[in-house]
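As structure tokens, the structure follows; a few thoughts come after it.
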Amino acid sequence: MLKIGVIGIGGMGNVHINNIGRIDFAKVTALCDISPQAQQKADEIGASLFTDIDQMMAESNLDAVCVCTPTFMHYDHIKKVISHGVNVITEKPLALSSLQAKALFDLASEKSVMIFVAHVIRFWNEYALLRDIIRDERYGKVLDAEFLRLSACPKWVKGGWLFDKEKSGHIPFDLHIHDLDFIISVFGRPDKYAFTSSGNKNKDYKEHYRFTYTYSDKTVVAQASWYNADIPFKAGFRVYFENAVVEYDGDRMMAYSFDFEPVQLNAGETLKVETGINVPATDAYYNELLHFLKCVLDNRPSDMFSQEELMTVIEILEDINKKT
């Protein structure tokens, strides 16, 4: 039985705890948090509660630790876990700079432990299916692609840290990182990229971005927003292949062609786990954690991620933020 620790018992921390609870070869045995509700959660799942990471690491004999704290804390918290020679599963992003990310990978190599970055979109059914369609070329090669991730301004965030660029990386690191990671995973590093951004003059952050990634044989574009409007969250894609258009509107994933009737490609999820955050019930987090924990159990790196891909995403977003 793998012993798992969780640092940060907020929205994402609870997502990790609830999904690991469905994995029969792993158990959350230690929590680290200073919030009043942390003790209640620890009592609920029968875990030890700590307020100091080093103490948790020294006393808990853990196989892996999930880091679910706010973005600006990731580097320090991941570094502490790795320094104790324990594997890390961290929420995205790994870090807000390529220099910090490289330092963490180097330290993990030195300590012979693994870092897994929870880019959950790779485990989302529709995106996983799109990845398979792109790779097996069942509709031909990709000619053009568009990805959307649009949200109202996240006023729900506690302490307002998301609106501090040094702490969150704003929209590029908070929202667009999902689509960029997927784009890099299926298409590789782009030959070049550009972006535009817009927003109200009284805000100290941009509220909407359009990104363009240019490859030798295709163009991939994406949008991301924190709109100053109470719109429903929307994420999806439209990909133009040589022989079909594949579109996902957040509900149905359809294939359209002149050669056959429209076909719905997604049949629904077999396991839907409530998230408790502004994301609908899904099996994506379960599939993600199951994959990472199997890697820990087998003591092998993930075959779905590479350090080069993870570094490429951070390098591009870092550059975009420097130019914003």
Side-chain angles (χ1 to χ4, degrees), residues 92-94 98 117-151 169-198 206-227 233-257 265-266 284 304-324:
K92 58 80 185 170
L94 173 62
S98 54
V117 184
H119 287 292
V120 71
I121 292 302
R122 297 202 197 192
F123 297 90
W124 214 271
N125 287 345
E126 288 76 15
Y127 291 82
L129 178 54
L130 176 61
R131 178 178 62 237
D132 292 342
I133 292 171
I134 291 170
R135 289 178 177 173
D136 66 26
E137 297 186 357
R138 69 190 71 172
Y139 299 126
K141 295 184 182 299
V142 174
L143 303 178
D144 187 83
E146 179 180 11
F147 295 85
L148 291 171
R149 197 158 301 271
L150 307 177
S151 171
H170 284 166
I171 286 175
F173 275 92
D174 180 63
L175 275 187
H176 179 55
I177 190 171
H178 290 294
D179 291 320
L180 179 58
D181 175 74
F182 183 80
I183 290 166
I184 297 299
S185 75
V186 292
F187 300 128
R189 182 187 284 269
D191 297 327
K192 60 182 180 178
Y193 55 88
F195 72 95
T196 59
S197 60
S198 61
K206 297 298 184 180
E207 297 171 288
H208 181 269
Y209 284 77
R210 284 188 175 89
F211 307 89
T212 303
Y213 299 99
T214 304
Y215 295 83
S216 61
D217 58 350
K218 70 181 74 70
T219 298
V220 180
V221 298
Q223 293 187 55
S225 75
W226 286 345
Y227 283 134
F233 176 78
K234 181 177 182 180
F237 52 76
R238 182 185 301 108
V239 182
Y240 181 36
F241 294 85
E242 290 175 309
N243 301 311
V245 172
V246 174
E247 185 175 49
Y248 173 54
D249 63 4
D251 179 20
R252 297 195 308 165
M253 182 174 174
M254 302 293 297
Y256 301 95
S257 169
L265 301 175
N266 59 337
M304 287 187 63
F305 293 83
S306 72
Q307 180 176 328
E308 180 182 3
E309 290 172 346
L310 295 167
M311 288 296 300
T312 296
V313 170
I314 291 176
E315 288 165 3
I316 291 175
L317 295 178
E318 184 179 27
D319 183 54
I320 287 170
N321 263 356
K322 286 179 180 177
K323 295 174 179 176
T324 300

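Between A255 and L265, the shortest heavy-atom contact is CB-CD1, 4.0 Å. Closest heavy-atom contact between I171 and A224: CG2-CB, 3.6 Å.
Taking the side chain as every heavy atom from C-beta outward, L180 and L317 approach each other to under 4.5 Å. Residues F241 and R138 are not in side-chain contact: their nearest non-hydrogen atoms beyond the backbone lie 4.5 Å or more apart. Put simply, the side chain of L175 reaches to within 4.5 Å of the side chain of S151, judged on heavy atoms. Contact annotation: the side chain of V221 never approaches that of F211 to less than 4.5 Å [non-hydrogen atoms, C-beta and beyond]. F195 is listed as a side-chain neighbour of T324, based on a closest heavy-atom distance under 4.5 Å. The shortest side-chain heavy-atom distance between Y240 and Y139 does not fall under the 4.5 Å cut-off. Counting heavy atoms from C-beta on, the side chains of L94 and L310 never come closer than 4.5 Å. Residues Y193 and D319 form a side-chain contact, since some pair of their non-hydrogen atoms from C-beta on lies under 4.5 Å apart.
E318 has no carboxylate O lying under 4.0 Å from a charged side-chain N of K323, or vice versa, which leaves the two without a salt bridge. By the 4.0 Å N-to-carboxylate-O rule, R238 lies close enough to E247 to be salt-bridged with it.
Checking D191 against Y213 by side-chain atom types alone, no donor-acceptor pair falls below 3.5 Å. A donor-acceptor contact closer than 3.5 angstrom links the side chains of R189 and T312.
Tested against P190 for a side-chain contact (heavy atoms from CB on, under 4.5 Å), the candidates I183, V220, T214, I184 yield a single pass: I184.
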Please evaluate residues D181 and I121 with respect to the criterion side chain to side chain contact (heavy atoms under 4.5 Å, CB included), reporting the C-alpha separation (whole Å), side-chain torsions for both, the decisive distance (0.1 Å), and the verdict. CA-CA 8 Å; D181 175 74; I121 292 302; 5.9 Å; no
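The main-chain N or O of F237 is never found under 3.5 Å from a side-chain atom of E146 such that the two would form a donor-acceptor pair. Under a 3.5 Å cut-off, the side chain of S225 and the backbone N or O of E207 do not form any donor-acceptor pair. Side chain of N266 to backbone of D251: a donor-acceptor contact under 3.5 angstrom is found. A distance-only check finds a donor-acceptor pair linking the side chain of N321 to the backbone of G169 [under 3.5 Å]. Side chain of K92 to main chain of D174: a donor-acceptor pair is present (N/O by atom type, distance under 3.5 Å, no hydrogens or angles).
Within 6.0 Å of atom CD in E137, more than 12 heavy atoms from other residues, nucleotides or ligands are found, so the atom counts as buried in its surroundings. Within a 6.0 Å radius of CZ in R252, other residues, nucleotides and ligands contribute 12 heavy atoms or fewer.
Contacts of Y215 classified as ring-ring contact (aromatic ring centres under 6.0 Å, His included), with partners at least two apart in sequence or in another chain: F187. The ring-ring contact (aromatic ring centres under 6.0 Å, His included) test applied to F305 returns F292, not counting sequence neighbours.
Expressed to the nearest 0.5 Å, how far CE of M311 lies from CD1 of I316 amounts to 11.5 Å. The structure places NE2 of H119 at 11.5 Å from CE of M304, a figure rounded to the nearest 0.5 Å. Distance CG/L150 to NE2/H208: 6.0 Å, rounded to 0.5 Å. Going from atom NZ of K234 over to atom OH of Y227 covers 9.5 Å, rounded to the nearest 0.5 Å. With rounding to the nearest 0.5 Å, the separation of CG in L143 from NZ in K218 is 9.0 Å. K206 contributes atom NZ, which lies 14.5 Å from atom CD1 of I320 (distance to the nearest 0.5 angstrom).
Aromatic rings from H176 and Y209 are positioned such that their centres are separated by 6.0 Å or more.
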Scan the side chains in residues 127-135 for donor-acceptor partners under 3.5 Å anywhere in the protein, sequence neighbours excluded, and list what turns up.
{"residue": "Y127", "atom": "OH", "partner": "R149", "partner atom": "NH2", "Å": "3.1"}
{"residue": "R131", "atom": "NH1", "partner": "R122", "partner atom": "O", "Å": "3.0"}

